[in-house]
Visitor: 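Here it is: the structure, laid out below.
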Amino acid sequence: MYPAGGGSASAPPPPAESTGVGAKAKQDEESGGKPVMVVLVGPPGSGKSTFAEAVLAGSAAGRPWVRVCQDTIGNNKAGTKIQCLKAAADALKEGESVFIDRCNMDREQRTDFVKLGSTLHADVHAISLELPAKVCISRAVSRTGHEGNLQGGKAALVVNRMLQKKETPLLTEGFTRIMFCNDDSDIKKAVDLYSSLGSSDSLPSGVFGQKSKGPVQVGIMKFLKKADSSSVEKSSDPKLTLSERKPEHQDAVSKEENVEAGDCSIEVKEELNEKAENRKQAKGSGSYDIGSHTLAFPSISTADFQFDLDRASDIIVESAADFLRKYNNLRLVLVDLSKKSRILSLVKDKAAKKRIDSSRFFTFVGDITQLLSKGGLQCNVIANAANWRLKPGGGGVNAAIFNAGGEALQHATKKCADTLRPGSSVVVSVPSTSPLHQQEGVTHVIHVLGPNMNPMRPDYLKNDYTKGCKILREAYNSLFENFASTVQSYMRKQNNDSVADKAAASVITPSDSKMKREGSHESERMKKHKSFQPILTSKKQHEGPGSNALNRSGTSLGSSDAPNQATEAGNKNSGAVAGKSWGSWAQALYELAMHPDKYKNSDSILEISDEFVVLKDLYPKAKKHVLVISRMNGLDSLADVKKEHLPLLRKMHSAGVKWAQKFLEEDASLVFRLGYHSVPSMRQLHLHIISQDFNSASLKNKKHWNSFTTSFFRDSVDVIVEIEQHGSTTTSSDDKVLAMELRCHRCRSAHPNIPKLKSHIANCKSPFPSYLLQKNRLLSSSTEHMDCT
DNA sequence: GTTCTAGAAC
DNA sequence: GTTCTAGAAC
């Protein structure tokens, strides 16, 4: 028996009698209790010492704990790893459980401890403190007063570098249990759990908790202070350990993403308890139902269709990486039956190299039709490597899935489609009568057909890998997009059941965000019936007399070409579509788009056509920042864009490219990005063309920054592709993205506030993340002409 | 979208 | 005391 892992320790085991600690522990060992070695993982300031102290102070269940801290082990000198290993060995031999309190940021740093623990028959756990960089930095910086060898900004630099170098602890390193703590509640639960661990208890194996992706958790500071204020002072020694100062850490190169590398492959285990744990995790103690956001898929075309594994693994990793960037809260799991699966290990390695977030994309060994019952992994959506007839049989995954799905799945599939062409996929809703639904909670199967390199099968490509790779990419794109839209409609359904459901916020679809806005602004709309704010009034003030400032000349709109003129007065505050609420201040672009002639003499207007207006942004967030504003009435934002708007989108894109190129002629050092805000503040679809210097006094706050440097900013090229393939866009961003910590758009380093961020970006010469270097997302003087037409 | 400002953080 | 953020008002 053991306390509930990952959750609260509701039923602490009975306290043991207080005999001599060593003797008692030996006795425990005889009765089945094992000492535990907990390797704490986290940068300076992440709260490792506080964590260990809190357990030491709070442990009432009889398990003897020792904290081995490299900061303090050296008696005022820098401690060494050897000293820590020795102290840990001594404690374990005595039957005491140990916290390894040093940063342990990469695998190499942890290996010796894992080995030691296993040799001495201890359970070896890792607890990864996944605090936002900002919190760690502010704590580390504030400590420098005590120590002095790391001053303010330098401490921030070290924390950043360590975070960039960080490798997520993996079960494959030899840990039996890994816990990720993202916020105060996670930490409190973990502290409670370990505090209540009796001397003969053990904790279930596996991975618990998720890697943090969200914004800074302010509450963490409060908890840490509260947990043990004296120990914070006492134990949060400012000194960095030797290992942290090692030059290789200092040399860490900024990478595309500051996420951990590695795989999170979870072994399929039979223990009921572990399954319960995983299920709990899957059911989502967090903010959303992970199961419904997880797609389990087999490798397409690599089995029967004999597609080259190396090429296939490249495509899987690239497609998954693209997908994860696009959708914030969705999770992908590549599944194969065999532990020795070559495709799994290839994908695992490549994903690690690409530093893909292993909590959102990982490999899993198990039967895709029994993930929940046998593996404890809940995936509501699974993919099938189907055949072109969409028929059962043929062996492999296809046979297994149709088998598990029963006749109900066959019927449901037949209703959706008769055949499938290579590179495409089809979503089938699994009837509730299907065993797959009932036993495994699978709500959707997405049948995918990949390219075939097997001469014995239809559509044989004769080793033409140019074609083959293209088709395989299409297949995965189609699969992933279908998965995203499946989740969206699921969330929409949930939403209808419960509008307040927080889950809705996790994946905001166009209609979700609309609903949200409508709901929350309903009353606001009623009170906002003030007169229309003149367009760009402040511009007029700034420009002074005689300027061509844009402003609204009186109340009469004059023009008769505006289709909605009759209703415009009524729509001023609500927008033209579906009663969406726009504040009066948010209508300036709409006004301009409807009546550009009124403003045609303004310096701010660069171009007017029948379909768009190009305007210098009045509050540019960079040296060059212009907007291409659609003139189509009713097209308020990305959420309204449909396939029929593609020609317009392409024209707007071309106009944006044209202006970017003009600016590049004037200043070849600029780099431009073209894109839309997921959920814009201003009514009327507008494309931003913005130089990536972000050198502007108008860029003032976190929202400004994050709206141009996170997934909130949707590259025009991606929007166009998405509409082409999917018919509408998915805006996966929400307020959380805008509230995220401030990270450099080039090197991804974190910064505590806007002024510090600004001084960093003024000098940062790191290359742009590789994501931006692909597909002409960035436009520079060396970019060849790009066009989406 | 910006401006203003209280109060938190430094 | 000064800097900075975040929320409300517009």
Side-chain angles (χ1 to χ4, degrees), chain A residues 45 132 134-146 151-153 155-156 215-222 224-225 517 520-521 523-543 549-552 572-575 580-593 604 615-622 625-627 629 636-638 676-688 690 696-708 712-713 735-742 750-760:
Chain A
K134 181 181 169 176
V135 174
C136 302
I137 289 169
S138 76
R139 286 164 61 91
V141 168
S142 71
R143 293 176 197 169
T144 53
H146 301 283
Q151 298 299 327
V216 174
Q217 304 285 336
V218 181
I220 192 80
M221 300 297 286
K222 285 180 189 156
L224 289 170
K225 276 178 194 156
R517 277 197 298 269
S520 61
H521 291 280
S523 58
E524 219 173 308
R525 198 191 307 161
M526 298 303 284
K527 65 185 178 195
K528 279 186 182 170
H529 274 285
K530 298 181 180 161
S531 65
F532 182 70
Q533 195 74 20
I535 243 179
L536 316 176
T537 37
S538 46
K539 166 81 175 173
K540 189 184 176 193
Q541 288 155 10
H542 291 163
E543 290 198 353
L550 302 171
N551 73 338
R552 186 156 173 257
K572 269 174 195 167
N573 298 319
S574 56
K580 189 191 286 184
S581 163
W582 296 98
S584 55
W585 49 264
Q587 310 249 23
L589 299 183
Y590 172 74
E591 181 63 14
L592 172 67
S604 296
L615 172 78
K616 284 190 204 167
D617 196 299
L618 211 63
Y619 299 93
K621 304 297 183 291
H625 183 188
V626 302
L627 307 176
I629 307 160
D636 288 354
S637 73
L638 266 192
Y676 299 86
H677 280 162
S678 276
V679 183
S681 299
M682 304 288 283
R683 177 182 179 190
Q684 198 63 13
L685 182 72
H686 54 282
L687 172 67
H688 292 266
I690 184 162
S696 161
S698 295
L699 198 159
K700 291 175 176 169
N701 59 43
K702 190 178 258 187
K703 190 175 173 184
H704 290 155
W705 178 256
N706 283 336
S707 73
F708 288 101
F712 192 87
F713 191 81
D735 289 351
K736 276 186 188 163
V737 183
L738 294 179
M740 284 202 308
E741 58 193 353
L742 299 165
H751 300 270
N753 55 43
I754 291 285
K756 293 212 168 76
L757 172 76
K758 281 193 164 185
S759 61
H760 168 83

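We name chains A, B, ... by the order of the sequence lines, and we start the count at 1 in each one.
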Visitor: Just wondering, do A:Leu699 and A:Lys758 contact through their side chains at under 4.5 Å, heavy atoms?
Guide: yes
Visitor: Would you kindly give the CG-to-P distance between A:Asn753 and C:dT2, to the nearest whole Å?
Guide: 18 Å
Visitor: In this structure, how many angstroms lie between the P atom of C:dC4 and the CG atom of A:Leu757, rounded?
Guide: 12 Å
Visitor: Check the distance between C:dC4's P and A:Lys758's NZ and give it to me in whole angstrom.
Guide: 11 Å
Visitor: Under 4.0 Å, counting only non-hydrogen atoms across every strand here, what does A:Lys700 touch: a base, just sugar-phosphate, or nothing?
Guide: sugar-phosphate
Visitor: I need the CE-C1' distance between A:Met682 and C:dC10, as an integer number of Å.
Guide: 13 Å
Visitor: Carefully, step by step, assess A:His704 and A:Ser696 under the rule side chain to side chain contact (heavy atoms under 4.5 Å, CB included).
Guide: CA-CA 11 Å; A:His704 290 155; A:Ser696 161; over 6 Å; no
Visitor: Taking the inter-plane angle between the rings of A:His625 and A:Phe708 on a 0 to 90° scale, is it parallel (under 30°), tilted (30 to 60°) or perpendicular (over 60°)?
Guide: perpendicular
Visitor: Would you kindly give the NZ-to-P distance between A:Lys756 and C:dC4, to the nearest whole Å?
Guide: 7 Å
Visitor: Rounded to whole angstrom units, what separation is found between the CD1 atom of A:Ile629 and the P atom of B:dG1?
Guide: 12 Å
Visitor: Rounded off to whole Å, could you give me the CG-to-C1' distance for the A:Leu738 and C:dA6 pair?
Guide: 13 Å
Visitor: Over all strands shown, is A:His686 touching base, sugar-phosphate only, or nothing at heavy-atom distances under 4.0 angstrom?
Guide: nothing
Visitor: So, is A:His704 close to the B:dG1 phosphate, meaning a side-chain N or O under 4.0 Å from OP1 or OP2?
Guide: no
Visitor: Is the aromatic ring of A:Trp585 within stacking range of B:dG1, meaning centres under 5.5 angstrom and planes under 30 degrees?
Guide: yes
Visitor: Using atom NZ of A:Lys703 as one end and atom P of C:dA6 as the other, report the distance to the nearest whole Å.
Guide: 12 Å
Visitor: Between A:His677 and A:Phe713, how do the two ring planes meet: parallel, tilted or perpendicular, split at 30° and 60°?
Guide: perpendicular
